[in-house]
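Beneath this line is the structure, given in structure tokens, with notes to follow.
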Number of protein chains: 2
Amino acid sequence: MDIQLKRGLLDVCVLAAIRNEDSYGYKIIKDMKPYLELSESTLYTILKRLETANMLSVRTAEHDGRLRKYYHITGDGIKRIEDFKDDWKEIETIYRFVTKEEQEHA
Amino acid sequence: MDIQLKRGLLDVCVLAAIRNEDSYGYKIIKDMKPYLELSESTLYTILKRLETANMLSVRTAEHDGRLRKYYHITGDGIKRIEDFKDDWKEIETIYRFVTKEEQEHA
DNA sequence: ATATAATACATCGCGTTACGATGTATACCA
DNA sequence: TGGTATACATCGTAACGCGATGTATTATAT
């Protein structure tokens, strides 16, 4: 997948990965893998950005004797996904523009 | 539209704007406007990038006493659009992942 | 027992990119 | 005379993905 295209999907995809239940870094990467692969450095950058933007909240909890940071989606995070749905309509129009073949002249 | 999303569509949209007939800067912006708005500084950056990547070729011609640069799509440019079509299948899968609602438990 | 892989989080630096600001020059219209 | 549209171009800035690298614990294989 083209890297610029990927950029537009990453944030929203991470939010989708924690939408139904709180999750943590390593699990998010594994859950997203079938859809979009991303490195750890990329994910942690994104998580920090989304936290700063109040699209998710963080809670640290112990698991098997070591700490994990669990991420929880907020109202703003949900809204981010809804905004993406609005963008989607425009994207589909653009897709049709890009892929439409030249029509025959008569 | 989210700016990151736009980034993934701009190049391919510019190529689509010159696909059926050669065009020039100002006209490309106007033709793209219904789909994706972009500034002149952005467009000329993109045109230069696509030229460097051999996705289009340039020809200067006089029009009403002043010079215009006409852009023509190349085989590599066509291929770029075809690659986008392939990416589209992945994008649709991601869209479904992002927008699917949590199913009821029982 | 010991090495390797998996889990888990984090930072730094680099290259790519969109875009506002700005500049130059001509044509057209009020 | 001045404003608007046409037409192309460059510079600086900020955002972002990601490879490289680091730290630390747990599980698995040799």
Can you tell me how far [atom2] of [N] sits from [atom1] of [X], to the nearest Å?
X	N	atom1	atom2	answer
A:Leu43	C:dA10	CG	C1'	12 Å
B:Asp64	D:dA5	CG	P	18 Å
A:Leu67	C:dA8	CG	P	12 Å
B:Leu47	D:dC8	CG	C1'	10 Å
A:Glu40	D:dC18	CD	C1'	12 Å
A:Ile29	C:dT7	CD1	P	11 Å
B:Leu38	C:dT17	CG	P	15 Å
A:His63	C:dA8	NE2	C1'	11 Å

Legend entry - Minimum side-chain heavy-atom gap A:His63-A:Tyr70 below 4.5 Å: yes
As a test of reading the structure: which of [options] is closest to the side chain of [X], going by heavy atoms?
X	options	value
B:Lys48	D:dT10, C:dA27, C:dC9	D:dT10
A:Tyr26	D:dC8, C:dA6, D:dA15	C:dA6
A:Asp11	C:dC9, D:dT10, D:dG17	D:dG17
B:Thr42	C:dA8, C:dC19, D:dC18	C:dC19
A:Tyr24	C:dC9, C:dC19, D:dC16	C:dC9
A:Ile46	D:dG17, C:dT26, C:dA18	D:dG17
A:Leu10	C:dT17, D:dC18, C:dC19	D:dC18
A:Ser39	D:dG19, C:dT16, C:dA27	D:dG19

Phosphate OP1/OP2 of [N]: any [X] side-chain N/O under 4.0 Å:
X	N	answer
B:Arg68	D:dA7	yes
A:Lys30	C:dT7	yes
B:Lys6	C:dT17	no
A:Arg49	D:dG17	yes
A:Tyr44	C:dC9	yes

Inset, instruction - Report, as yes or no, whether the 6.0 Å neighbourhood of atom NZ on B:Lys85 holds more than 12 heavy atoms from other residues, nucleotides or ligands. - result: yes
Inset, instruction - Give a yes or no on this: more than 12 heavy atoms of other residues, nucleotides or ligands lie within 6.0 Å of atom CD of B:Glu21. - result: no
Legend entry - Check ion pair A:Asp83-A:Lys79 (N to O, under 4.0 angstrom): yes
Legend entry - First encountered from the 5' end of DNA chain D, between B:Lys27 and B:Thr45: B:Lys27
Inset, instruction - Hey, which sits more toward the 5' end of DNA chain D by its nearest nucleotide, A:Arg66 or A:Arg7? - result: A:Arg7
Inset, instruction - Hey, which sits more toward the 5' end of DNA chain C by its nearest nucleotide, A:Lys69 or B:Glu37? - result: A:Lys69
Legend entry - Side-chain donor-acceptor contact under 3.5 Å, A:Thr45 with A:Thr42: no
Inset, instruction - May I have the step-by-step check of side chain to side chain donor-acceptor pair (under 3.5 Å) for B:Tyr24 and B:Arg68, ending in yes or no? - result: CA-CA 7 Å; B:Tyr24 55 94; B:Arg68 264 189 194 159; 3.1 Å; yes
